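Just so it is clear, the structure is predicted and the values come from calculations on it, not from any experiment.
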Amino acid sequence: MKAVARQIVRFRIPILMLSILLLIPSAFGYLRIKVNYDILYYLPDDIETMEGQDILLEDFGKGAYAMFIVEGMTDAQISRLKNQLEQVEHVDNIIWFDSVADRSIPQELLPEAYYELFHNGDATLMALFFDTTTSEDATMDAVEEIRAIAGEQCFLSSMSAIVTDTRNLVEEELPMYVLVAVLLSCLVLAATMDSWMAPVLFILNIGMAIIYNLGSNIIQGEISFITMALAAVLQLGVTMDYSIFLWNSYRERQEGCPDKEEAMTSAIALTITSVAGSSLTTVAGFIALCFMTFTLGMDLGVVMAKGVVLGVICCVTVLPALILTFDRAIHRTAHHPLQLNGQRLADWIARHSQVLAVLLLLLWVPALYGYQHIQVYYNLDSSLPDYLPSVQANAELSDRFAMSTVHLVLADSDLVGKDVRTMLDEMGEVDGVQFALGLDSLLGWQVPEEFLPDEVTGLLKSEDWQLILISSEYQVASDEVNEQIEALNEILKRYDPTGMLIGEAPCTSDLITITDQDFKTVSMVSIGAIFVIILLVLRSVFLPMLLVLVIELAIYINMSLAFYTGVTLPFIASIVIGTIQLGSTVDYAILMTNRYQLERSAGQDKRQAATNALASSLPSIVTSALGFFAATIGVGVYSDVDLISSLCVLMARGAIVSMVVVVLLLPTLYLLCDGVIQKTGWGKKAIQEMASPNADETRRFTR
């Protein structure tokens with residue numbers, strides 16, 4: 001490592017020039033990456049609801065669909081507006097009263113309920129179909145054009161409208177996410193470091209790593225908007241420690257070595273060894289997300305694991321080059337940092353350790369209860385503010401037509417008309433169903449299908465399938481709509497075993513089932529992987545169990561606070577926050593435990609070893625936790641997108657909770673479990689070497 005470090009120092013200027021040049025293709029890749037704003041897109045392709053979406057597009061040429069409400073217009077005005085909307089690119093067709101009534105069918109032959117489906121007072125309803133999928137750019141552009149044509153007295157309610165508003169809001173807020181995170185991180189760094197220039201160099205270094213990471217996402221083709229929004233903020237929070245470690249090591253080496261290049265060489269060598277091991281727990285946490293069936297986890301996991309690796313590489317290459325290049329500016333901007341008196345606090349905690357440990361251990365019961373009873377939501381428009389057009393349109397649809405969502409049924413086109421009508425009658429009797437609309441329900445019993453022109457039958461029937469619309473008064477992701485979906489599926493399968501029930505609500509029902517299993521899988525994988533890493537790093541069988549339990553308590557406390565404060569979380573938060581908090585904050589416990597092992601190997605009794613470990617580790621743990629907190633809390637407070645805001649608040653709070661639990665609980669656990677710790681460890685010779693006078697100082701910040 002010393003030889004590698006020496007070459008890095010020697011070629012620091014070429015490294016700096018290369019790092020700047022690499023920003024060009026990275027920026028190009030970042031600008032070219034496609035962002036997906038549709039959460040349901042990440043459901044597995046082989047489930048029935050997703051297969052049905054493909055059939056809808058292939059057989060009917062229909063992808064996304066929407067309900068369009070018009071207020072205060074006459075039928076003639078609405079008909080003209082409908083004709084205008086049909087001219088919008090990618091609007092495939094529109095179903096309204098005149099879709100059949102203006103043709104050759106006498107109005108008196110149509111079922112009376114048909115007219116009532118589309119009218120309620122001065123409000124009129126249309127069903128729009130697009131020939132592109134929900135989250136395609138073309139669909140979102142069509143949504144914007146429809147809104148421009150329609151004006152304020154019209155409302156477009158659909159998943160595509162929600163996706164469009166999400167895109168517009170995230171694109172508007174995204175620059176502020178980075179700005180707020182950088183400013184707050186700089187404040188923490190400026191207060192805890194001894195130079196005003198150093199935080200600037202840190203941000204430049206991490207900023208380069210973030211741009212490399214975002215630019216390299218072009219390999220994936222597209223990423224989710226959640227990943228795009230969180231990647232920079234999260235990478236800043238979890239990789240800042242590595243830069244702090246290099247800086248501290250460099251400053252320590254300078255005290256005994258006036259040659260700055262030699263001091264940096266030693267600092268890089270130590271950083272490569274220590275930080276590479278430290279980053280493994282964080283990478284393992286993100287990789288665990290890749291085991292989700294709901295592939296949003298893989299999307300976020302791959303990007304963030306890659307970001308951590310790039311952060312480590314930049315920390316030992318770009319940052320040393322920046323520090324050495326701007327050495328004079330660093331000295332000119334030196335100041336006295338705020339310093340935490342770790343020894344005084346450690347002595348106080350040691351005196352009250354038993355009381356603190358009992359109090360924290362008593363928290364297990366309420367923390368576990370709250371953790372198991374947190375409320376989550378799956379309805380995607382619940383994550384958006386009320387002022388957005390799509391949210392207002394959904395409310396208008398519910399108020400005017402008692403309609404919260406629309407299901408689509410794909411049934412065999414050869415199904416006998418009598419059976420179809422009977423099936424539709426049964427579906428119409430299911431609780432919460434407003435209507436079941438197909439060709440047979442439109443025609444009633446008096447009009448044969450052959451009487452209709454091909455362009456009319458083509459709206460709802462293809463060679464292999466017929467399309468049925470079912471209106472539901474129940475909200476997406478509610479218990480009521482999920483029971484309704486089960487009842488509708490039972491009816492459908494009796495008449496057509498190959499039939500499919502698709503749409504936002506059925507997809508969301510699948511999402512609930514799939515992510516419930518994903519939560520268990522991710523938890524097991526992350527705990528198992530991090531257990532193995534801690535076992536290898538600390539060379540103990542017992543310590544991995546102890547440290548994981550400590551951080552799991554912190555996770556339970558963090559998540560349970562949502563329950564006790566009455567906050568309903570987005571479903572994705574309950575899945576990913578545990579593994580992110582475990583992977584990124586277990587280092588606090590590893591740092592202190594490593595120091596405790598060194599103290600015990602050097603001959604200290606267990607009480608003094610625990611006190612010394614806490615005193616020496618406390619400043620680093622506090623700085624790390626505050627850095628993570630600063631990088632995420634600003635975004636959590638600022639963002640109007642609850643999916644992003646909730647995740648950032650949970651991560652920020654999780655860093656502080658983990659810090660408090662580790663600092664207050666772990667020293668007492670050392671005292672209680674010292675005998676087991678000493679008997680279940682191995683490699684004591686290596687630990688004793690680490691405890692030698694020279695190594696003791698260099699390992700002070702070991703992760």
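No side-chain donor-acceptor contact under 3.5 Å links Ser645 to the backbone of Val641. Between the side chain of Glu173 and the backbone N or O of Asp640, at least one donor-acceptor pair lies under 3.5 Å. When atom types are taken as modelled, the side chain of Ser158 and the backbone of Ala161 share a donor-acceptor pair closer than 3.5 angstrom. A distance-only check finds no donor-acceptor pair linking the side chain of Tyr378 to the backbone of Val476 [under 3.5 Å]. A donor-acceptor pair is defined here as one N or O able to donate and one able to accept, closer than 3.5 Å; such a pair exists between the side chain of Ser383 and the backbone of Leu380. A donor-acceptor pair under 3.5 Å is absent between the side-chain atoms of Ser26 and the main chain of Leu23, judged by distance alone. Judged by distance alone, the side chain of Thr282 and the main-chain N or O of Gly583 form a donor-acceptor pair under 3.5 Å.
For Phe294, the ring pair (Phe, Tyr, Trp, His ring centres under 6.0 Å) partners at least two apart in sequence or on another chain are Phe571. When the side-chain contact (heavy atoms from CB on, under 4.5 Å) test is applied to Val567, the partners found at least two apart in sequence or on another chain are Ala562, Thr565, Leu569. Residues forming a side-chain contact (heavy atoms from CB on, under 4.5 Å) with Ile527 (at least two apart in sequence, or on another chain): Val548, Glu552, Leu582. A search for side-chain hydrogen bond (donor to acceptor under 3.5 Å, both in side chains) contacts involving Glu136 returns Thr133, not counting sequence neighbours. Scanning for side-chain contact (heavy atoms from CB on, under 4.5 Å) contacts around Phe519 gives Tyr371, Ser523, Ile575, with sequence neighbours left out. Listed by chain and residue number, Trp196 satisfy the ring pair (Phe, Tyr, Trp, His ring centres under 6.0 Å) test with His335 (two or more places apart in sequence, or in another chain).
The two atoms that bring Leu666 and Val550 nearest to each other are CD1-CG2, 3.9 Å, heavy atoms only. Taking each heavy atom of Ser243 and Cys315 in turn, the nearest pair found is N-SG, 3.8 Å. Minimum heavy-atom separation, Pro44 to Ile514: CD-CD1, 3.5 Å. The nearest pair of heavy atoms linking Ala5 to Ala269 is CB-N, 3.8 Å. Considering every non-hydrogen atom in both Pro619 and Ser616, the closest pair reads CD-O, 3.8 Å. Of all the heavy atoms in Met193 and Ala198, the pair that sits closest is CE-CB, 3.5 Å.
Of the inter-residue distances, the one linking Ile533 atom CD1 with Leu280 atom CG reads 5.0 Å to the nearest 0.5 angstrom. Here CD of Glu504 is found 12.0 Å from CD1 of Ile39. Values are rounded to the nearest 0.5 Å. From Leu553, atom CG reaches atom OH of Tyr556 across 9.0 Å, with rounding to the nearest 0.5 Å. Rounding to the nearest 0.5 Å gives a distance of 9.5 Å between OG1 of Thr271 and CD1 of Ile8. Leu234 CG to Asn213 CG: the interatomic distance, rounded to the nearest 0.5 Å, is 10.5 Å. From Leu189, atom CG reaches atom CH2 of Trp247 across 11.0 Å, with rounding to the nearest 0.5 Å.
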Which is it for Met228 and Val303 under the side-chain contact (heavy atoms from CB on, under 4.5 Å) test, yes or no, and what are the steps along the way? CA-CA 9 Å; Met228 175 62 80; Val303 171; over 6 Å; no
Derivation and outcome, side-chain hydrogen bond (donor to acceptor under 3.5 Å, both in side chains), residues Thr333 and Ser195: CA-CA 5 Å; Thr333 58; Ser195 170; 2.9 Å; yes
Determine, step by step, whether Gln235 and Val308 satisfy the side-chain contact (heavy atoms from CB on, under 4.5 Å) criterion, reporting the C-alpha distance in whole Å, the side-chain angles of both residues, the deciding distance to 0.1 Å, and the verdict. CA-CA 7 Å; Gln235 189 173 340; Val308 173; over 6 Å; no
I'd like to know whether Leu536 forms a side-chain contact (heavy atoms from CB on, under 4.5 Å) with Val532, so could you lay out the CA-CA distance, the side-chain angles of the two residues, the decisive distance to 0.1 Å, and finally the verdict. CA-CA 6 Å; Leu536 297 175; Val532 172; 4.2 Å; yes
Are Asp38 and Arg167 close enough, and set up right, to give a salt bridge (charged side-chain N to carboxylate O under 4.0 Å, His left out), and what steps lead you there? CA-CA 10 Å; Asp38 182 8; Arg167 178 192 67 176; over 6 Å; no
Run the side-chain contact (heavy atoms from CB on, under 4.5 Å) test on Glu171 and Tyr37 for me, step by step, so that the C-alpha distance in whole Å, both residues' side-chain angles and the decisive distance to 0.1 Å come before the verdict. CA-CA 11 Å; Glu171 288 181 351; Tyr37 292 86; 3.6 Å; yes
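Residues Asn36 and Phe225 are not in side-chain contact: their nearest non-hydrogen atoms beyond the backbone lie 4.5 Å or more apart. At a threshold of 4.5 Å between non-hydrogen side-chain atoms, the residues Leu591 and Tyr588 do not count as touching. Counting heavy atoms from C-beta outward, Ile223 and Val302 have side chains that stay 4.5 Å or more apart. At least one side-chain heavy atom of Ile551 sits under 4.5 Å from a side-chain heavy atom of Val662. Thr134 has its side chain out of reach of Thr139: every pair of non-hydrogen atoms, C-beta onward, lies at least 4.5 Å apart. Residues Leu270 and Phe245 have side chains in contact (heavy-atom distance under 4.5 Å, counting atoms from C-beta outward). Considering only heavy atoms from C-beta on, Leu547 comes within 4.5 Å of Ile590 through its side chain. Using a 4.5 Å heavy-atom threshold, the side chains of Ile633 and Cys648 count as separate.
Residues Asp386 and Gln392 have side chains that never bring a donor and an acceptor to within less than 3.5 angstrom of each other. Under 3.5 Å, the side chains of Glu222 and Asn217 contain no donor-acceptor pair of N or O atoms. There is a side-chain donor-acceptor pair under 3.5 Å between Ser658 and Gln581. With 3.5 Å as the limit, one finds no donor-acceptor pair spanning the side chains of Ser390 and Asp381. At a cut-off of 3.5 Å, with distance as the only test, no side-chain donor of Tyr369 or Ser560 sits close to an acceptor on the other residue. No side-chain N or O of Ser620 forms a donor-acceptor pair with one of Thr623 less than 3.5 Å apart. Residues Asp299 and Ser224 bring a donor and an acceptor atom of their side chains to less than 3.5 Å of each other.
Heavy atoms from other residues, nucleotides or ligands lying under 6.0 Å from OH of Tyr638 number more than 12. Atom CD of Gln375 has 12 or fewer heavy atoms from other residues, nucleotides or ligands within 6.0 Å. Under a cut-off of 6.0 angstrom, the local environment of CE in Met50 is crowded, with over 12 non-hydrogen atoms contributed by other residues, nucleotides or ligands. Around CZ of Phe28, the count of heavy atoms belonging to other residues, nucleotides or ligands within 6.0 Å does not exceed 12. Counting non-hydrogen atoms of other residues, nucleotides and ligands closer than 6.0 Å to OH of Tyr42 gives a total above 12. Atom CE of Met17 is surrounded by 12 or fewer heavy atoms from other residues, nucleotides or ligands within 6.0 Å.
The pair Arg147-Asp165 meets the salt-bridge criterion, since a charged nitrogen lies less than 4.0 angstrom from a carboxylate oxygen.
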